Amino acid sequence: MDGSGDNNGDLGYQNRAESVMNCPSSGMNTNPFYASAWDPVVSLSRPGNFVGSSTGSQSEFSNSPFPIVMENPGISNTCHLVRYPSDSGFIELVPKFPGFGSGNFSEMVGSLGLTDCSQIVNAGCPPNYKEANNESTSHGAQRQEDHQLSEETTIGALPNGKRRRRVAESNSPFDPNKNAEGEFQKYPSGESSDSAKELDEKKQKIEQNRGANSCGKQVVKQTKDNPQSREAPKENYIHVRARRGQATNSHSLAERVRREKISERMRMLQELVPGCNKITGKAVMLDEIINYVQSLQQQVEFLSMKLATVNPELYNDVERIQSKDILHSRGGNEAIRGLSPGTNSHPVFTWDFSTWHTSHSKSQSTFFSSTSCYIR
Amino acid sequence: MRAPRSVLKQQFLKKWMMGLQVFGSAKQSMSILERKKAIKLSADIALASTRAGRTCWSRAIIADASKDDDGKVLVQHLLSPESERLKKASTGLAMENKRVRCKKILKRSCCIKRVRKGASKVVLAKSISKRIVKRRTQVLKSLVPGGEFMDDISLIEETLDYMVSLRAQVDVMRRSLAKATEVVNGK
């Protein structure tokens, strides 16, 4: 191993390239993004290569035993950051390369680290409404496109109504400037808003860079719904291009991203709240959501009151029977319902309302009839 | 989508029953209101524990519940392995919320928007609708537990998750009530 102490912050790319080739394995973890990070250094003409994916480079380097061995304390720290991604890990990656000359390069490397991290981070996302698989298939998709230098931005990948914005650039001649832009790719998003905010700030800086380098208005934005895009990793760090005729101000870009995020999530909510399919517009939608949540909470109160009136002597037996029966019958009932999630709540309520009406007094049934009117 | 929802319900039911057993024999001596509170409390905590720590509203519920004795016992019982971590998370949440609240008060006192007189109708309508939306988000924040300290985007996500869990809770409670009344009537 070469003396790696001087590598940290050293701008001698050539030296490092040599050390890359010469160093045997030293037992460090494979750092695919480091490996691929050197590609553009060595061959500036193929920026798309390492954009391709960390997995791609993983396969590439898995054969050779640890070709890239850096024993820099700085880099080893970032290795740890990759392996045990925390939210701070995203942000710390970039400052770890202070010595590298162009800001472009640090961003490039940062981007790779982020893609790697994201895969692991996303495993922890709440499962119930996130169906996106953060698998290497997304990277596979990216590899296919890296030749075209297409940028993809996913905005809040969601189970329904997922959208992908692909910014397809024509193969523009490579400049060192363009390299930075071409290499940006989607970063899977964790669910933490903290890192999202910090990265948004970073992104704004980069956006300004980009705006300076190229005319933001040239780019054509395409929106596609792909089955492939469903498996795309979520982004923590969204790259947005200004559309033709729109302001390239970083503030308005950020505003637009935020608005789109909000509208995506409102759409998801629309599917959950019954009877809101025809509603467009935040205000009315919010109203419905508020009413629905309030009614659900009131139902909980009411039900707990009813349960409290059950004769306590029987309660223990009842508990046991309930748990057994409900757990067993759950499978059957779910099958009987046989509904798509969107229309789920309607029959649930009506079915139970019938039992309510038969077995209970009028005062109670009025409560539910009122809610059923709301639910429609 | 059916599978995860029934899993959620089963988890909730299990934890709810566990929580109810904590009250155990004391149930007979309690008044109806107290019983109702106990049932609701254990249901809420059970619901929050199914999303243990991952969502903001569940942490808020647990934090609130840990403030008084009954809740504390329940929390410890239901969340025994993770209670340590969750308690820390909840207390950390309280501190962060105070910070957020102070910042918001500062912000609001500084910038007061004034609508220009004679502004065009479109602008006026926009500002009105913005105000309506703001007011309604305030209401929503008051509804969702722990919602006052979130920004818009995460508020909507939390609402989503909260709604799903609430629906499951209502479902389970209603079915158990039906079963209970069946048993009672049968006997």
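Just so we're on the same page: letters track the sequence lines, and every chain starts at 1. Computed from a predicted structure; not experimentally measured.
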Next item on the list: Kindly indicate, with the supporting measurements, whether the criterion side-chain contact (heavy atoms from CB on, under 4.5 Å) is fulfilled by A:K282 and B:I132.
Entry: CA-CA 9 Å; A:K282 259 197 257 182; B:I132 294 182; over 6 Å; no
Checklist line | Side-chain ion pair, A:K261 and B:D152, N-O less than 4.0 Å | finding: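 Judged by the 4.0 Å cut-off on N to carboxylate O distance, A:K261 and B:D152 do not form a salt bridge.
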Using 0.5 Å steps for rounding, measure from the [atom1] atom of [X] to the [atom2] atom of [Y].
{"X": "B:S165", "Y": "A:L296", "atom1": "OG", "atom2": "CG", "result": "10.5 Å"}
{"X": "A:R267", "Y": "B:I156", "atom1": "CZ", "atom2": "CD1", "result": "11.5 Å"}
{"X": "A:I290", "Y": "B:T137", "atom1": "CD1", "atom2": "OG1", "result": "8.0 Å"}
{"X": "A:L303", "Y": "B:L177", "atom1": "CG", "atom2": "CG", "result": "6.0 Å"}
{"X": "B:R174", "Y": "A:K306", "atom1": "CZ", "atom2": "NZ", "result": "12.5 Å"}
{"X": "A:L307", "Y": "B:K40", "atom1": "CG", "atom2": "NZ", "result": "13.0 Å"}

Notebook entry, point to check: Side chain, backbone, both or neither: which part of B:L143 has a heavy atom under 4.5 Å from chain A?
Noted result: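 Contact with chain A is through both the backbone and side chain of B:L143.
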Margin query: Less than 4.5 Å apart, side chain to side chain, heavy atoms only: is that true for A:L269 and B:M163?
Written below: yes
Check: Side chains of A:I289 and B:R136: does their closest heavy-atom pair fall under 4.5 Å?
Finding: no
Next item on the list: Dump the intermediate steps for side-chain contact (heavy atoms from CB on, under 4.5 Å) on B:M173 and A:F302, then the final yes or no.
Entry: CA-CA 10 Å; B:M173 289 177 79; A:F302 186 80; over 6 Å; no
Notebook entry, point to check: Has B:K141 got more than 12 heavy atoms of other residues, nucleotides or ligands less than 6.0 Å from its NZ?
Noted result: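 More than 12 within 6.0 Å, yes.
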